*Asks:* 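Take this structure first; my questions come after.
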Amino acid sequence: MDFSYALIFQTFNGVVWGLIFALIALGLSLTFGLMNLMNVAHASFYMLGAVLTAQFVTRLGLGFWSGAALATISVGGLGMVVNRLVLARVVDSPPVIGLLATAGLLLVIESSTLATFGAVPVSVDPPVDATFSIFGVDYPGYRLVVAGLAVAILIVTFLLLRFTRFGLWMRAAPQQRELALISGVSSGRINTATVIIGSLLAGVAGALVAPIAGAHFQMGSSVLAVAFTVIVVGGAGNLWGAVVIAILLGVVRGVAAAFMTPSEAEILSLVLLLPVLLLRPDGILAKARS
Amino acid sequence: MSRRLMINRRKALQGLAAVATAGSVRVAAAASSEPIVIGLQTELTGALAHDGGWGKKAAEAAVAWQNERGGFAGRPLKLVVVDTETKVDVGIRRLQQLLQQENCDFIIGSGHGGIGMASVPLCRDAKVTYLPLARTDGITTELGNPYSVRIVANSTMGASAASKWMVDSLGKRWGMVLADYAFGYSQREAFTASLAKAGGELAQAIALPVNTNDPLPYLLKLDRSLSGIVMAILGPDSVRVYPALRSLGFGKTPKITVSCTQNLFDIVRLGSAVEGVYALDEVPWELDDYPNPAFSKTAFDRIGIGSNGRAKDGDDYVMLPNAIMAWECTELLRMAVEGARWKTKADNLSLSNWLVSNPDFALSEGFPQGGFSVRAADQQAFIDQYILQIQGGRMKRVSKVAGATTVYPSKDLVQR
Amino acid sequence: MSVRTALGVVALLVLAVMPFVTGPYAVFVCAQMITLIYIAASLQMSFAYARILSFMQGTFFGLGSYVACVTHGSGFTLPVMLLAAVAASGVLGVVVGLVVTRMKAAHTAVICTLLVATIVLMCANSFVGITGGEDGLSLRGGSYMFGLAVAFGANRITYCFAFLPLAAYFIFVMLAERTTFGVVMKAVGSNEVRAAQLGYQVWLRHLAVFAAAGGMAGYGGAMNAVVLEHVSSALFDPNLSLTAVLWTAVGGLAHPFGALFGGLLVFPLTELAARAFKYVDIVVGALLIAAALLFPQGIAGLVGERRLGHFNRRSSKEMLAEGPEGRSQTA
Amino acid sequence: MSVASPQPIALETRDLCKHFSGLEVLKGVSTAIRAGEVRAVIGPNGAGKTTFINVLTGIHPASSGRVFLGDADVTGLPAYRIARKGLSRTFQISNLFADLTVLENAMVAVHAGRCFRQSRETVDESLSLVGLSALADRLVSEISHGDQKLLEVAIATACGPDVLLLDEPTAGMSPSETNRFIDLLNERLRSRYTIVIVEHDMNVVMNTADVISVLTLGRILAEGKPDEIRTNPGVQEAYLGSAYA
């Protein structure tokens, strides 16, 4: 295959994956930026999105889109429950306590998924079977649909945060908890909303990924380190930063894969982040705070 | 009835063991009524939980069946199952539990390569016969010893069984998609050698990182002129790789899975993405494809497998090779215990001497897969293997490769 | 004497007599548990004295295991194996420490250690020729310690090699707790801004602590390889680090005995749970959540302030009566 | 300015600037503080007072300009090296070693000190200086807010500084505690250290300061003796006007 074809294809695919990672990272970044909570269990929301979609489609015989929607909503509901039971109780604790509690949650959710649905990786047929050709290579049409949906969801989320009263409160809460309280908004309600939005984003990412990556109870851990790194390198609490880094990472990995073995490409894409962390420990696009 | 009793008793014993300090040593009475203890070191949780679960079902069914037939030389069997959690360190700890606390006479070992490799030397030191379900070469090459007996086919045997058929039937130039893992590399090594020997070549190999989210960009490099692709990847990755291959236009290219990897996930449910895929397996999937379906039916019925090779309850897919092999391990032990007049663990060496001196274990209810013999040099059995193909959502038998054709040279590892 | 110290002494005594009063299985289980406590203790050290909640202590442990295995394979004796393991993981500690000790936000350092652990796991799986990958490498036979033969596997001698350095560490910590050295270590770990404004070179101290913690985990890894007679790339699974985090969290992150208490409580608990219940990780996860929500100080924190009978905390007068502390002024 | 005094300069800044990505907090602060002087830095909220202290002590590097401690240029040095050269500080919100006892806090500070004489006396002295000897064995988290502020002063002095920066030492103190603090400063600290005090409480400022610098919007608006500052119309407008209107 001609080399430049490969490069263009990889860049293209990198952007698609970057958008999927951006969905995951955005949810993580929201809970981190607004609640100062590193939610390790976020990875299990993503996993559940995929696993539930697969179960709804294969066991209940639902269509993919209704299965995915139902799975996303279920994950959002779980986020609400988990927030009430655990997250809300650790929000104002030292960061370590939040990490421990959510790490515990991750274990509980993963093992419960294993206990309920088994260890079997399940595949889901993509709802869009068409392929389209870029430079002579067939590219799965479904991935384009995913990319389009991811862009739409990202835009909606940004609009929500930018232009609604609710978004304003959410942005105000971490900086001015007292102010938010005075203006009649309970920080508890803001946190609940944050967690629900975050878990919906992770859930929908998982649901959309199911036809590409399948569904398996351990699939969450494979995105955990990368998603966390994306938001740290992007600048903690900086939503755009997370999205940009996610896309960059996907492109670097894809392009590197054209030159070296897949493992080397994955390792390289992660190793490249280390000097960034060394030079800009608080993130490449970190907002300066006095 | 007797099985339920036995399980209750096992539970009670386990409870006792949990309460008692670990150091308590049971008196090893040689009385003929004393049960013979078989340990099953298997994966009930973690990544291989599904496979281990079927190993457990099969071992329990086999022990119940043997007990109904009078046990081993009239002595009842007791099965102790431990869960390795698919982790090497836990697997070793559980093995020590079987060896030192449960005082097992024989152990049917894990299907996990790393756990198998770590366990073989420990069983040798404890002088307890170990029958691994792991297929890593090293178990009967570098680690071969009188206390380890393997009846599953290792990577080298699998590759040599498949390669001749692949070159003769499908073509000479093969590519391979492998897990970037010890397992994948041993398959690559084995196929490189055996394809060359069969007159073909392994022209390209792409190693995929385990649990990669998206194999598509890596598969893009696959050569389009290959005669076919050898698939040496693990369960969760398979679910991604087959659809990705199809979307890259490799849907029609022949593909063959190696060494039970087709049993690590519900392959036939991948539908059109896997239609026509070949599989190398130690056992056929459907009852009618077995050399003697009447023999196989006993194992199928008792383990809970329907005649289509899927679970009777719930239509779950089955880790068939591990299930059938666990069944056969038990029968092998019965014949050896009775043939070698085995009384206690102290006789384990003479038991393995009897095993290798017995020329052939013939097809029977106890050995539904086919007959085999155990080689003296490394105590590796050479079983028949099968080439299967997915046809219309069913895994059908295409060809059988005789075990004798997969024999490879070995040093005399087992000094007697 | 506080209840915490008393419990610590009892725990160490129990571990010390274990190989002489129980059977081989118990010795094996305890030896394995002790090697794993090194991970927890090193994590606690890193967190309490360098403010880094490291999710890669299992990586140091795995590196130590491999270095011990490789040096054994090259024909070196036990002391060399152990020293090489400590040195290698200590060096990795310095390298990673150079990055993570510079990070201001606690989160960033956690993520960075997680990232390094992920990269190392990928490398370990990928470089099968060196690591044996998932199948691993065997550590067979035995070795020599100054002419004395040491058989690998769990036995009284390897048990001592695993237990004694750990016991020495805990005893040292116990004795140093109220000395200037102990207090300064705690202070520099707990409030770096204040410490720097008093004139402590916080960064270098944190780096040294992180590297030492790495070396400590490496020693545990080396002894783990000796006791289990096997190493594999599974040692680099982040789950191992997570287990250590659990032990330390339940035992108490703020006090070194937290790692000891956590290990001694959680390890047998999960072993017992595993016999009764298939999905042990649900129990483990629930325990972690409970620890975070209900007793964030851990066991060491819960019992820390209680006093035993008339042994009251030494008064300031008594402490000062001892005059200048033994440690020379080098800061 | 006390022109008559021949005392050498203890702390000097020359055109000190600090900005946080575009936001200019200090816009060229030049001042010189003589040894033995008590200098008060006052100014409305957001004037840059705490940033000024943070830049002096090396928590934040200066964007431009220089800082001299005695004759030594300490610009850009890390915080711990500036501290070792004899500059010590307290924090506006008490910033102590919370899980240590009062005595242990003092031990840590003495150990860090430049004087290589660590003994019962040094630790005792630092606590008795602020009157906390009786609380030596209490955990910091158990003592009152006022006592914590005093302990701040104790550990800031225990490491043996020449120059002491006090960042709002009386914030949150009761009136009687505040008066006790004024006495402490005038009777015990003034004679030993060069002191820079950032303070909101005019009562404290007028009763302790030799010289007052008024900081507004990152610049020194006025500098002089308390009486001069009190009558300076510009100061009244910029500072008192906004603070008390």
Side-chain angles (χ1 to χ4, degrees), chain A residues 32 36-38 40-41 44 82 85-86 89-90 93-116 221-222 224-233 236 261-264 266-271 273-275 277-283 286, chain C residues 47 51-53 55 95-96 98-123 125-127 237-239 241-243 245-246 248-250 253-254 277-294 296-298:
Chain A
F32 179 54
N36 199 27
L37 181 71
M38 269 287 177
V40 181
S44 59
V82 159
L85 292 180
V86 181
R89 296 168 198 235
V90 294
S93 311
V96 177
I97 300 298
L99 266 173
L100 294 178
T102 55
L105 260 181
L106 176 79
L107 281 178
V108 170
I109 297 178
E110 264 194 6
S111 320
S112 308
T113 309
L114 169 66
T116 317
S221 41
S222 69
L224 187 66
V226 179
F228 267 130
T229 311
V230 159
I231 71 161
V232 166
V233 174
T261 71
S263 286
E264 285 164 3
E266 300 234 349
I267 291 168
L268 178 80
S269 68
L270 295 180
V271 166
L273 295 173
L274 284 177
L277 284 174
L278 184 62
L279 296 173
R280 297 293 305 263
D282 297 310
Chain C
F47 181 71
R51 260 298 170 271
I52 298 164
L53 186 72
F55 271 47
V95 173
V96 178
L98 282 174
V99 182
V100 292
T101 50
R102 283 165 40 89
M103 294 175 168
K104 292 190 188 75
H107 295 119
T108 329
V110 174
I111 301 318
C112 194
T113 57
L114 190 61
L115 184 66
V116 174
T118 308
I119 293 172
V120 173
L121 175 64
M122 276 187 187
C123 293
N125 274 335
S126 192
F127 303 144
D237 193 317
N239 263 322
S241 300
L242 193 60
T243 309
V245 173
L246 166 76
T248 322
V250 171
L253 269 166
F277 184 60
K278 194 164 144 189
Y279 302 102
V280 189
D281 276 353
I282 297 185
V283 181
V284 174
L287 202 59
L288 200 48
I289 297 173
L293 295 186
L294 305 178
Q297 303 295 309

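Source: prediction; values computed, not measured. By convention in this document, chain letters (A, B, ...) are assigned in the order of the sequence lines, proteins followed by strands, and residues within each chain are numbered from 1.
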*Asks:* Can you list the steps and then say if A/L107 with C/L242 is a side chain to side chain contact (heavy atoms under 4.5 Å, CB included)?
*Replies:* CA-CA 10 Å; A/L107 281 178; C/L242 193 60; 4.2 Å; yes
*Asks:* As an exercise, state the distance from SG of C/C123 to CD of A/E264, rounded to the nearest 0.5 Å.
*Replies:*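 The CD atom of A/E264 is 9.5 Å from SG of C/C123, to the nearest 0.5 Å.
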*Asks:* Measure the spacing between CD1 of C/I289 and CG of A/L85 and express it to the nearest 0.5 Å.
*Replies:*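 C/I289 CD1 to A/L85 CG: 9.0 Å, rounded to 0.5 Å.
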*Asks:* Under 4.5 Å, counting heavy-atom pairs only, tell me which of A/V90, A/V86, A/I97 racks up the most with chain C.
*Replies:*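 Between A/V90, A/V86, A/I97, the count favours A/I97.
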*Asks:* Would you compute the distance between atom CG of C/L253 and atom CG of A/L100 and round it to the nearest 0.5 angstrom?
*Replies:*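 Taking CG in C/L253 and CG in A/L100, the distance rounds to 6.0 Å.
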*Asks:* Please lay out, stage by stage, how C/M122 and A/L270 fare under the test side chain to side chain contact (heavy atoms under 4.5 Å, CB included).
*Replies:* CA-CA 11 Å; C/M122 276 187 187; A/L270 295 180; 4.1 Å; yes
*Asks:* Rounded to the nearest 0.5 Å, what separates atom CG in C/N125 from atom OG in A/S263?
*Replies:*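 C/N125 CG to A/S263 OG: 8.0 Å, rounded to 0.5 Å.
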*Asks:* Looking at every non-hydrogen atom in both residues, tell me the closest pair between A/V232 and C/I111 and how far apart they are.
*Replies:*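 Heavy-atom minimum between the residues: CG2-CG1, 3.5 Å.
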*Asks:* Checking C/V120 now: which residues fulfil side chain to side chain contact (heavy atoms under 4.5 Å, CB included) with it, not counting sequence neighbours?
*Replies:*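 Once residues adjacent in sequence are excluded, the partners of C/V120 under the side chain to side chain contact (heavy atoms under 4.5 Å, CB included) criterion are C/T59, C/V116, C/F236.
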*Asks:* When rounded to the nearest 0.5 angstrom, what is the spacing between OG in A/S111 and CG in C/D281?
*Replies:*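 Between A/S111 OG and C/D281 CG, I get 4.0 Å after rounding to 0.5 Å.
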*Asks:* So which of C/L114, C/T118, C/L53, C/L115 has the biggest tally of heavy-atom pairs under 4.5 Å with chain A?
*Replies:*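 The candidate making the most pairs under 4.5 Å is C/L115.
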*Asks:* With only heavy atoms counted, which part of A/V226 is less than 4.5 Å from chain C, the side chain, the backbone, both or neither?
*Replies:*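 No part of A/V226 comes within 4.5 Å of chain C.
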*Asks:* Testing the basics here: between A/V108 and C/A286, what is the closest heavy-atom pair and its distance to 0.1 Å?
*Replies:*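 In terms of heavy atoms, the two residues are closest at CG2-N, 3.4 Å.
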*Asks:* With rounding to the nearest 0.5 Å, note down the distance linking CD1 in C/I119 to CD1 in A/I267.
*Replies:*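 Answer for the CD1-CD1 pair, C/I119 versus A/I267, is 8.0 Å.
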*Asks:* Would you mind reporting whether A/F228 and C/V110 have side-chain heavy atoms less than 4.5 Å apart?
*Replies:*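 C/V110 does not reach A/F228 side chain to side chain.
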*Asks:* Counting heavy-atom pairs under 4.5 Å with chain C, which one of A/P95, A/A115, A/A101 comes out on top?
*Replies:*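 With the most close heavy-atom pairs to chain C, the winner is A/A115.
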